[in-house]
Amino acid sequence: MSLLEGLNPAQREAVIAPSGPLLILAGPGSGKTRVITHRIANLIQREGVNPHRIMAVTFTNKAATEMKVRLSKLVGRDAEGLTVGTFHATCSRILRREADHIGLSPHFVIYDEDDQLSLVKSVLKELEIDEKRFSPRGCLSEISSAKSELRDPLQYSEFAQSYRQEVVARVYRRYQELLSQNGALDFDDLLATAVELFRTNPEVLERYQERYQHLLVDEFQDTNVAQYAFVRQLGGKHRNVCVVGDPDQSIYSWRSADIRNILNFEQDYPDLKVVLLEQNYRSTGTILEAAQGVISANTKRKSKKLWTENPRGGPIAIFEAYNEEEEASYVAREIEWLVSHGGHRLRDFSVMYRTNAQSRALEKAFRYYTIRYKLVGGVRFYERREVKDILAYLRLLQNPADGVALARVVNMPPRGIGDRTMAEIERIAEQRGISLFGAIRAAVSENGTAGKAAQLASRVRNSLAAFLEMMDGLLQEKSELGIEQLLDLALERTGYRAFVLDGTDEGRERWENVQELRTVAKEYEHLVPETAMDMFLEEATLMSDVDGLKEEEEGVTLITLHAAKGLEYPCVFIVGMEDGICPHSRSFDDPAAMEEERRLCYVGITRAMQRLWLVYATRRTLYGNMSYNEPSRFLADIPPGLADGNGAHAAGTARPSPLHVSSPGRRSPEPRSWPAPNGKKAQEIAPTPPRPRTSLPPPAPQPLATPRSAEPQFRPGDRVYHPAFGNGVVVSSQMQRGDEEVTVAFEQRGVKKLALSFAPLQRA
DNA sequence: CGAAAGGCTCTTTTT
DNA sequence: GAGCCTTTCG
């Protein structure tokens, strides 16, 4: 099969563009991943580039994995030689390999946000800075952005102007010292330290430049200064840097992503070739048009003209719910209806929201309606308390200098080493510049002797001695044990197993998570023993939300708008379409932030292939109390005629919710256009009449694909095609309540009964 | 020291 | 409404 088969002219151009800097501006659904993978395949197969010389960088492991899978299909075994990974993982691998050049232990651990926060807190305590005035979170985010911009503590303190910044500068300096003492790097360090390595070791950089003659970067609009510096360094020699991105989908500026990287890119590489991918293969014309309506209200953007050959599709549904519970049950019932009548499966659906807290009401409704769902984000597996505890034990065994890990587990389960004791230990560690572990050892061995380290009660001393002895025992045995065995032994010796299994259901659940971790650990046993533990701990830390998402698994996906970037679903609900939520209230006084909210909304809308629902509630409980929000201003930017404003789009939406007896039904049975042409806010256009206390009868579903008629369009024997089910033959067809119900025998999927107004059924 | 209870403050998004 | 921190009591 030709590599160029089935590509449009722009895609083809991007795939075969000659070596040299290349910027691919790719609109949503324009076949971006396809272009990257085909370009790599083209390099290997047509230009004879050794796969070892190609590096592709993504933002999530999931994107990396997907890319690898697709490449395996394209180039077979050659894919094995490629370097494909996230920025963080790629930098981490390089740093472990080259650690000795910058005085770093190759066994460094990676601190996630939890660990970072504990470290900042201990710094604040040590420097006697009031947490009330300088929140640990605030300090951390300041430090994080400094690192993302490659400013070390010294540079930061020079640049510091306000009192606040001066304080943060002191915290930053000490924080960095402690990281180093603990043998740890945080997320941001992975990038900044890699850049530093290359900057201070030209010969190392040259080796990597020589090796990686071709670089490809996905989601370039979300790179920060450090990531861009890394790309520039690596690509500095051969200049074969291909970056792919879409400024309209830049949604991570709060994590220091800088759209200006795209502009800088053009300046840094004057001979840059630019390819625009503007044809959308994903969404219906209606959805694409709505998306463009929303995004074009941003002032600071280059306008693109996206287009599609896809059918226009049905209208977008806009539904006003009474509160978040009705919102959730509306979503649940729509899905239920479409799954039983519309020929959709649960996995075709995704419900997207601005903040993770919004998933709660949805989960409740889904459980009530017994609809299976897959929750992305929320409390992740690797962030569960018991999982983090176990990982901390393993970290401590791998790297006894890791003070954050020690502080986490030293009294978990409780073993008589409380805050006061630890404060004393911390004092010793700080005083002597040694690790917490070393300080415990010192305290135990020196207590009561001349020049004693501390005055400890004998009970406390015994507790510490017991802990020390236990850890020393594990440390001695660890070299002979695999990860799994070490984990088992640690669970016993530390008493953690007995601690978790406390007889409650919750305890059993937590123990299952521990077992799950054990299963993951098993997968690392085939690795080289010296690095297996490092890899295991690293991957546990660098795992991202979407990485755990299994598309093939049945169930509705619940996901934040941020995490949904890069995904697509036949049917998408965006809930909480309210001013204050989407856009989030934090963006109200910042035009740039508001533009980002709009991009976020745009990202959400463009995830939808066939159907889109935008849902808002007139009131909802927010942070514990009731708030009343206006419909999102973004709704008013959807061009007129694309949406049904009463939520009538799909199923029996007006059925009373069994969850809430008092829940009112639909406001008005007749569809109204949304919004009014003058683009005023929804509420001003269509003032909401008081909602009736009883629900109205459900209106007949609105046909999307066909006009209503008394005669069935399909007859037994007709050959048909359905995007999800493939080819089939009509078995029977009859009119039901103004809708045509077609029974089709699909070649692959068996017999399905479809409602024609909802099933995208075509004649084949 | 540890468990339990009550009060406090915030919550955007995450590699 | 939840998680975090502080307080209180055994």
Side-chain angles (χ1 to χ4, degrees), chain A residues 57-64 85-92 110-114 116-118 121 131-132 135-138 140-141 144 147-148 185-191 218-219 222-224 226-227 250-257 324 352-361 376-380 382-383 385 411-423 457 459-460 462-464 538-539 541-547 559-566 576 580-588 590 593-594 596-597 599-601 603-604 620-626:
Chain A
V57 198
T58 61
F59 272 81
T60 64
N61 295 301
K62 183 167 183 291
T86 64
F87 270 106
H88 289 86
T90 305
C91 288
S92 175
I110 301 168
Y111 276 9
D112 69 7
E113 199 179 333
D114 254 22
Q116 295 179 15
L117 220 45
S118 339
K121 280 178 190 165
E131 282 197 16
K132 300 264 159 50
S135 79
R137 213 167 218 89
L140 181 58
S141 94
S144 172
K147 289 187 181 183
S148 306
L185 298 181
D186 67 17
F187 279 143
D188 303 303
D189 283 336
L190 292 176
L191 298 157
D218 196 10
E219 307 282 12
D222 287 328
T223 50
N224 61 31
Q227 286 160 335
S250 162
I251 54 174
Y252 284 105
S253 76
W254 51 274
R255 224 172 61 198
S256 306
E324 75 268 30
M352 302 179 182
Y353 35 81
R354 179 65 179 81
T355 67
N356 272 308
Q358 289 171 260
S359 73
R360 186 189 318 275
V376 179
V379 183
R380 297 173 250 187
Y382 285 106
E383 282 172 11
R385 213 171 54 230
N411 206 28
M412 192 70 74
R415 46 173 78 93
I417 306 173
D419 291 345
R420 300 186 110 203
T421 308
M422 281 312 286
R459 201 178 57 184
V460 169
N462 289 340
S463 303
L464 287 173
E538 169 171 320
E539 276 164 44
T541 310
L542 294 184
M543 185 71 78
S544 70
D545 270 349
V546 280
D547 294 343
I559 192 168
T560 63
L561 289 165
H562 280 90
K565 191 179 57 147
I581 299 196
C582 182
H584 196 272
S585 52
R586 294 262 297 229
S587 64
F588 282 174
D590 179 353
M594 183 56 81
E596 181 146 321
E597 294 292 305
R599 292 194 291 270
L600 193 54
C601 182
V603 165
R620 73 172 65 229
T621 314
L622 220 52
Y623 314 138
N625 35 16
M626 190 63 70

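In what follows, chains are A, B, ... by sequence order, proteins preceding strands, each numbered from 1.
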Colleague: What residues form a side chain to side chain contact (heavy atoms under 4.5 Å, CB included) with A/A64, not counting sequence neighbours?
Modeller: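 If we apply the side chain to side chain contact (heavy atoms under 4.5 Å, CB included) test to A/A64, skipping adjacent residues, the hits are A/T58, A/V84.
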Colleague: Let's test your reading of the pairing rules: Watson-Crick or G-U wobble, both distances under 3.5 Å, then write DNA chain B as a dot-bracket string with ( ), [ ], | and dots.
Modeller: ||||||||||.....
Colleague: For A/H88, which residues count as a side-chain hydrogen bond (donor to acceptor under 3.5 Å, both in side chains) partner, sequence neighbours excluded?
Modeller: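 With sequence neighbours excluded, A/H88 shows a side-chain hydrogen bond (donor to acceptor under 3.5 Å, both in side chains) to no residue whatsoever.
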Colleague: Parallel, tilted or perpendicular: which describes the rings of A/H562 and A/W254, with under 30° parallel and over 60° perpendicular?
Modeller: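 If you compare the ring of A/H562 with that of A/W254, the planes turn out perpendicular.
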Colleague: Restricting to side-chain hydrogen bond (donor to acceptor under 3.5 Å, both in side chains), what partner residues turn up for A/D218, sequence neighbours left out?
Modeller: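 Here the qualifying residues are A/K32.
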Colleague: Under 4.0 Å, counting only non-hydrogen atoms across every strand here, what does A/R385 touch: a base, just sugar-phosphate, or nothing?
Modeller: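 No contact at all - A/R385 keeps every heavy atom at 4.0 Å or more from the nucleic acid.
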Colleague: Could you tell me which residues satisfy ring-ring contact (aromatic ring centres under 6.0 Å, His included) with A/Y353, sequence neighbours excluded, listed by chain and number?
Modeller: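 Counting only residues at least two positions away or on another chain, A/Y353 forms no ring-ring contact (aromatic ring centres under 6.0 Å, His included).
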Colleague: Would you call A/W254 stacked on B/dT13, i.e. ring centres under 5.5 Å apart with the planes less than 30° off parallel?
Modeller: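 Yes.
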Colleague: Quick one: list whatever passes salt bridge (Lys or Arg N to Asp or Glu O under 4.0 Å) with A/E539, sequence neighbours left out.
Modeller: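 Scan of A/E539 (salt bridge (Lys or Arg N to Asp or Glu O under 4.0 Å), adjacent residues dropped) gives A/R93.
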Colleague: Looking at residues at least two apart in the chain, or sitting in another chain, which of them share a side chain to side chain contact (heavy atoms under 4.5 Å, CB included) with A/R420?
Modeller: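 So A/R420 forms no side chain to side chain contact (heavy atoms under 4.5 Å, CB included) with any residue.
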Colleague: side-chain hydrogen bond (donor to acceptor under 3.5 Å, both in side chains) with A/S253: which residues, sequence neighbours excluded?
Modeller: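 Listed in chain order: A/E596.
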Colleague: Who passes side chain to side chain contact (heavy atoms under 4.5 Å, CB included) against A/D114, sequence neighbours left out?
Modeller: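 Testing A/D114 for side chain to side chain contact (heavy atoms under 4.5 Å, CB included), a comparison that skips the adjacent residues, returns A/D112, A/K388, A/R408.
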Colleague: Taking only residues two or more places apart in sequence, or in another chain, which ones meet A/D189 in a side-chain hydrogen bond (donor to acceptor under 3.5 Å, both in side chains)?
Modeller: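 With sequence neighbours excluded, A/D189 shows a side-chain hydrogen bond (donor to acceptor under 3.5 Å, both in side chains) to A/K147, A/Q176, given in chain and number order.
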Colleague: Which whole-number value in Å describes the distance from A/R420 CZ to B/dC1 P?
Modeller: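 Going from CZ in A/R420 over to P in B/dC1 covers 7 Å.
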Colleague: Where does the chain A footprint on DNA chain C start and end, counting 5' to 3' with a 4.0 Å heavy-atom cut-off?
Modeller: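 Listed 5' to 3', the contact boundaries are C/dG1 to C/dC5.
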Colleague: Touch check for A/N411, heavy atoms < 4.0 angstrom, all strands: base, sugar-phosphate only, or nothing?
Modeller: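 The residue A/N411 makes sugar-phosphate contact but no base contact.
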Colleague: Between N or O atoms, less than 3.5 Å apart, protein on one side and nucleotides 5-10 of chain B on the other: list the pairs.
Modeller:
none

Colleague: Using a heavy-atom cut-off of under 4.0 Å over every strand shown, decide if A/F187 touches base, sugar-phosphate, or nothing.
Modeller: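 Base, at least one base atom sits under 4.0 Å.
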